[in-house]
2 protein chains.
Amino acid sequence: MTGLTAKGAATRERIVRAATELILERGVAGMTLDEIRDGTKTSKSQLFHYFPGGKSELVAAIAGYQNSQVMAAQEPWIDRLDSWRAWQGWRDAVITHYTGLTHKYCSVSALVNEVAPTEPELSTQIAAYADRWLAQLAAGLHLMRDTKLLRSDADPDRLALAVFASLQGGLLVMQSKNNIEPLAAALDGSLAMLRSYAT
Amino acid sequence: MTGLTAKGAATRERIVRAATELILERGVAGMTLDEIRDGTKTSKSQLFHYFPGGKSELVAAIAGYQNSQVMAAQEPWIDRLDSWRAWQGWRDAVITHYTGLTHKYCSVSALVNEVAPTEPELSTQIAAYADRWLAQLAAGLHLMRDTKLLRSDADPDRLALAVFASLQGGLLVMQSKNNIEPLAAALDGSLAMLRSYAT
DNA sequence: CAAAGTATGGACCAGGCGGTCCGATCGGGG
DNA sequence: CCCCGATCGGACCGCCTGGTCCATACTTTG
């Protein structure tokens, strides 16, 4: 996988882009290798040339890329969720990122569950993305408790779990209703919940 | 479908039970008709005899049944979410119902999204279950605003949407972690959020 | 220019899936 | 007892899908 001419890199890129589009549109199960071929002026041999592991490897690559995109979109807030202002900024950043993706499969947790039955190791890999995300939320809340912005009897880990679940659910309902509002309501609700634990 | 011997009804019952088990275990896509056959001492012809519409009809039947189960488990709270006590009772009932189902595909919204690409009409039918559920939550909150338990500037519909999203997300994360805690955290968080809108 | 490595096309394959069909069997009412 | 519909078994079909293979063309480099 090291020898990569410019042409080859471009082809690989096209494959990834098309596959991403398909997964976001119809889910992993709804994406077929033949559709990728049709939509990219490539052939099966190329797909397996660039992704010897087949569909699993392709999905893994896309999941990794999408994850980095989502995390980047939450910058700089996600790294410093240590104030109410930061949480509000984070909320806005998340909404902005998902606006226009309302009808797409975007929930990592949903992806974990979808892949789990057939590809356990891939599933655990993706679950790691979710866990890192959750951990970032928790880290911010720990800071806030330490700096007395949160009551000392608040449980940062449990609150982070609630926020994370709410976020994933917001994405899920957003998709089924093709409307950003559920996500917005979920996030606003989460912030209200957090504030109820303020000092 | 009217002439149904006792024997026939029993067979139909066995099919539904096995299919339900498989769907809860591995999702709709992960369930095959052959597996149902293997696990029920039946044959393909019987499956199509009792469910002429094939897999779609079978899934529809199961979704309807499971939905009724979930809604029944929330009785009597779900019909009268007009007090803080009722909401707490509801929370407990939901947790109780899903305990032991932590590794199952239980989220209606997730089901809607899973089925959507291949079976649009089935998807909208299942979406109706979700909407009814959501509407019940909203109805309770409307009552609470009317009786001044909620501030007059609270938006019952939007709060209900947040609670619903949180619930579905809790189920999703519950499944991926095979642990009831995410659901519990999500529901407790939702209640805290609601209480922050109390008068 | 020539060789070695990379990129590409597309025919082909095996397996799994939902779904069909038909003949055999059962079982209850006239 | 006999008949007709309900019940049953399982072979079969067509299609789609992920994946393999090999011959051909293109690129780079010495």
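The chains referred to below are lettered A, B, ... by the order of the sequence lines, with proteins before strands, and numbering in each begins at 1.
- In this structure, the CE atom of B:Met31 is 12 Å from the C1' atom of C:dC17, given to the nearest Å.
- The nucleotide whose nearest atom lies closest to any side-chain atom of B:Asp34 is, among D:dT17, C:dC17, C:dT6, C:dC17.
- Regarding B:Lys7, its NZ atom lies at a distance of 12 Å from the C1' atom of D:dG9, rounded to whole Å.
- Nearest-nucleotide positions on DNA chain C for B:Glu119 and B:Thr5 put B:Glu119 closer to the 5' end.
- When ring centroids are compared, B:Trp87 and B:Trp84 stay outside the 6.0 Å threshold.
- When distances run from any side-chain atom of B:Thr11 to the nucleotides C:dA7, D:dG19, D:dC8, the shortest one goes to D:dC8.
- If you take NE2 of B:His49 and P of D:dA6, they are 7 Å apart, rounded to a whole angstrom.
- Proximity note for B:Tyr50 (side chain, C-beta onward) versus C:dG18, D:dG18, D:dT7: the nearest is D:dT7.
- For B:Arg17, the side chain to side chain contact (heavy atoms under 4.5 Å, CB included) partners two or more places apart in sequence, or in a different chain, are B:Glu13.
- When only modelled atom types and interatomic distance are considered, A:Trp77 and A:Gln88 share no side-chain donor-acceptor pair under 3.5 Å.
- Atom CD of B:Glu13 is separated from atom P of D:dT7 by 14 Å (rounded to the nearest Å).
- Comment: A:Glu181 engages B:Arg158 in a salt bridge, judged by a side-chain N to carboxylate O separation of less than 4.0 angstrom.
- Straight-line distance from the CG atom of A:Leu33 to the P atom of D:dT20: 11 Å, rounded to whole Å.
- In the region residues 40-47 of chain A, proximity to DNA chain C at under 4.0 angstrom, judged on heavy atoms, holds for A:Lys41, A:Thr42, A:Ser43, A:Ser45, A:Gln46.
- What separates CD1 of B:Ile15 from P of C:dG19 is a distance of 14 Å, to the nearest Å.
- As rounded to whole Å, 15 Å separates atom C1' of D:dT20 from atom CZ of A:Arg37.
- Side-chain atoms of A:Asn179 and A:Thr102 include no donor-acceptor pair closer than 3.5 Å.
- At whole-Å resolution of the value, CG in B:Asp38 and P in C:dG18 are 12 Å apart.
- Between B:Asp153 and B:Arg145 there is no salt bridge, since none of the side-chain N atoms of the basic residue sits less than 4.0 Å from a carboxylate O of the acidic one.
- Comparing B:Ala6 and A:Val28, the nucleotide of DNA chain D nearest to each residue sits closer to the 5' end for B:Ala6.
- Legend: residues meeting side chain to side chain contact (heavy atoms under 4.5 Å, CB included) with A:Leu101, ordered by chain and number and at least two apart, are A:His97, A:Tyr98, A:Lys104, A:Cys106.
- Residue A:Phe48 places its side chain closer to D:dG19 than to any other of C:dG19, D:dC8, D:dG19.
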